[in-house]
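Only heavy atoms go into these numbers, but all of them, side chains included; no hydrogens, no water, no symmetry mates.
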Amino acid sequence: MESLLIGSFHRPSIPIAAEFSPLKTSSHAIVRVLKCKAWKRPKKHYSTSMKLQRQYITQEHVGGSDLSTIAADKKLKARFLVHASSEHPLESQPSKSPWDSVHDAVDAFYRFSRPHTIIGTALSIISVSLLAVEKFSDFSPLFFTGVLEAIVAALFMNIYIVGLNQLSDIEIDKVNKPYLPLASGEYSVQTGVIVVSSFAILSFWLGWIVGSWPLFWALFISFVLGTAYSINLPLLRWKRFAVVAAMCIFAVRAVIVQIAFYLHIQTYVYRRPAVLSRPLIFATAFMSFFSVVIALFKDIPDIVGDKIFGIQSFTVRLGQERVFWICIGLLEMAYLVAIVVGAASSNTWSKYFTILGHAALALLLWTRAKSVDFSSKAAITSFYMFIWKLFYAEYLLIPLVR
């Protein structure tokens, strides 16, 4: 696996700030894109100069080339030059303490693992597992062991999928997400390949020794779709095609997570017959809307890099604002359906929680959406993370649907 993955990626170059040129998007935002030259840096020192360089790449100015833009550029360049001529030149940075090295390693892995997806995966498995609970005595050590096995195996696979995506998108991420370890140079391609290969092997190993077929098939299908989505091999890298990319995310987040992990608890842990309950059908239907929204929205902040590298996302084809409001419309529709489902419930406490909870989330979404500044990448990215918070909140409500 490791040799296959290494052969699929270009080894990233290590850039240094030299010159910047404007690149206009449809919202008239000017993003400073780095024109770089190669330089040699110490392999084990992630210096302040590199961090300053990140500020260059991610710096965004709105409007034309006014005096404030020029002044900002001069200020940043002056800071870089002052650092370069300081008493600690690039080649003689002070050595780090063991604690600093450990802290940097943990921080890099934290960013590499894409923690918002980790949280979403863990919450979804816990929430769906609770749908199989019928009585209080079902909360047994066997239940908690089964949930823990599913979470750990799924998180290992999650890290494989997000890591493989970063390995395939190093050059794009230098524009869209320069803070990620592979794009910034903190991880080499070889390190990335070792990490993702190790986590894929660990995930399958755990799924196999547990002996739950729903769990193992959930891992296997996620592996296949995650690989086909990202890896740059003939007939693969499905993320280039907007509809196919959305279907991959839909299949994993909406179908596999709900049904497979529910069946893991229902059939493997409790040894009960497989039954598609009303709450499970609701969870699958609702998360179908949510997974499509995540698939569409995740590309809105990344329009610049996607345009440069020819990724034909819906955002590139239709524009940021149009895709944004399509996402809002889909979520509001899902919340409306959830309110109707709650109103039809025969369980009083479930009815009130479902109606009030989804009504509150719908109102919060609409209020927040109206205040988004489409000319600011930071504002759009912040709203994308807000979408993930709504995703987490929904998994807190799903076990209450009865």
Report task. Evaluate the side-chain contact (heavy atoms from CB on, under 4.5 Å) criterion for residues R402 and W349: first the C-alpha distance (whole Å), next the side-chain angles of each, then the deciding distance (0.1 Å), finally the verdict. Result -> CA-CA 9 Å; R402 298 291 172 176; W349 63 264; 4.0 Å; yes

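- The closest side-chain heavy-atom distance from F156 to F204 is not below 4.5 Å.
- Under a cut-off of 6.0 angstrom, the local environment of CZ in F144 is crowded, with over 12 non-hydrogen atoms contributed by other residues, nucleotides or ligands.
- Aromatic rings of W366 and W325 (six-membered ring for Trp) have centroids within the 6.0 Å cut-off, being under it.
- With hydrogens and angles ignored, the 3.5 Å screen pairs no side-chain donor or acceptor of S382 with any backbone N or O of A378.
- One finds a salt bridge joining D169 and K239 here, because a Lys/Arg side-chain nitrogen approaches an Asp/Glu carboxylate oxygen to under 4.0 Å.
- Put simply, the side chain of F109 reaches to within 4.5 Å of the side chain of V195, judged on heavy atoms.
- Taking the side chain as every heavy atom from C-beta outward, F290 and L390 approach each other to under 4.5 Å.
- The heavy-atom pair separating L131 from P399 by the smallest distance is CD2-CA, 3.9 Å.
- Between the side chains of S184 and E186, at least one donor N or O sits under 3.5 Å from an acceptor N or O.
- Between F286 and F282, the ring-plane angle classifies as tilted under the 30° and 60° cut-offs.
- In this structure, the ring of F383 has its center less than 6.0 angstrom from the ring center of F386.
- Nearest heavy atoms, S222 versus I256: OG-CG2, 4.2 Å.
- Under a 3.5 Å cut-off, the side chain of D104 and the backbone N or O of S101 do not form any donor-acceptor pair.
- Remark: side-chain polar atoms of K377 are paired, donor with acceptor, to backbone N or O of N176 under 3.5 angstrom.
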Requested in this report: Go through the steps to decide whether I308 and V304 satisfy the test side-chain contact (heavy atoms from CB on, under 4.5 Å), and finish with yes or no.
Outcome: CA-CA 6 Å; I308 293 173; V304 175; 4.1 Å; yes

Requested in this report: Assess whether side-chain contact (heavy atoms from CB on, under 4.5 Å) is satisfied between M247 and L225, documenting all intermediate values.
Outcome: CA-CA 10 Å; M247 290 304 297; L225 293 179; over 6 Å; no

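- T284 places no side-chain N or O within donor-acceptor distance of the main-chain N or O of V255, the cut-off being under 3.5 Å.
- Defined by atom type and a distance below 3.5 Å, a donor-acceptor pair is missing between the side-chain atoms of W388 and Y392.
- Between F220 and W217, the ring-plane angle classifies as perpendicular under the 30° and 60° cut-offs.
- Considering every non-hydrogen atom in both V275 and L280, the closest pair reads O-CD2, 4.4 Å.
- No side-chain donor-acceptor contact under 3.5 Å links R114 to the backbone of R111.
- Taking each heavy atom of A183 and I170 in turn, the nearest pair found is CB-O, 4.1 Å.
- Checked by atom type and distance alone, the side chain of R240 never pairs as donor or acceptor with a backbone atom of Q312 at under 3.5 Å.
- In this structure, CE on M157 lies 11.5 Å from CD1 on I221, to the nearest 0.5 angstrom.
- The distance from the NZ atom of K307 to the CD1 atom of I172 is 14.5 Å, given to the nearest 0.5 Å.
- Looking at heavy atoms from C-beta onward, F297 lies in side-chain contact with I300 at the 4.5 angstrom threshold.
- Contact check for T315 versus K298: no side-chain heavy atoms found under the 4.5 Å cut-off.
- Counting heavy atoms from C-beta on, the side chains of T227 and Y160 come closer than 4.5 Å.
- In this structure the side chain of L331 reaches within 4.5 angstrom of the side chain of I387, judged on heavy atoms.
- Considering CG of N165 and CD1 of I231, their distance stands at 11.5 Å, rounded to 0.5 Å.
- Atoms NE2 and CH2, from H264 and W213 in turn, are 14.0 Å apart once rounded to the nearest 0.5 Å.
- Remark: R253 fails to qualify as a cation-pi partner of F250 under the 6.0 Å distance and 45° angle criteria applied to the six-membered ring.
- Between the side chain of Y268 and the backbone N or O of V210 there is at least one donor-acceptor pair closer than 3.5 Å.
- To the nearest 0.5 Å, the span separating CG on L215 from CG on L206 amounts to 7.0 Å.
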Report task. Decide yes or no on side-chain contact (heavy atoms from CB on, under 4.5 Å) for D302 and D173, but give the supporting numbers first. Result -> CA-CA 9 Å; D302 296 342; D173 285 341; over 6 Å; no

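- In the displayed structure, R278 atom CZ is contacted under 6.0 Å by more than 12 heavy atoms of other residues, nucleotides or ligands.
- Between E394 and M287 there is a side-chain heavy-atom pair separated by less than 4.5 Å.
- Closest of all the heavy-atom pairs between I249 and S291 is CG2-O, 3.8 Å.
- Here the options are F199, Y187, Y179, the test is ring-ring contact (aromatic ring centres under 6.0 Å, His included), and the partner is F112; only Y187 passes.
- When all heavy atoms of V175 and F309 are compared, the pair lying nearest together is CG2-CE1, 4.4 Å.
- Counting only distance, with no hydrogens or angles, the side chain of S127 and the backbone of Y395 share a donor-acceptor pair below 3.5 Å.
- Put simply, OG on S129 and CD1 on I151 are 7.0 Å apart, with the number rounded to the nearest 0.5 Å.
- Of the possible donor and acceptor atoms, one in the side chain of S168 sits under 3.5 Å from a partner among the backbone N and O of S230.
- Few gaps surround CZ on F143; more than 12 heavy atoms of other groups in view lie less than 6.0 Å from it.
- For W99, the CH2 atom is loosely surrounded, since the number of other residues' heavy atoms within 6.0 Å does not exceed 12.
- Between the S203 side chain and the A200 main chain, no donor and acceptor come within less than 3.5 Å of each other.
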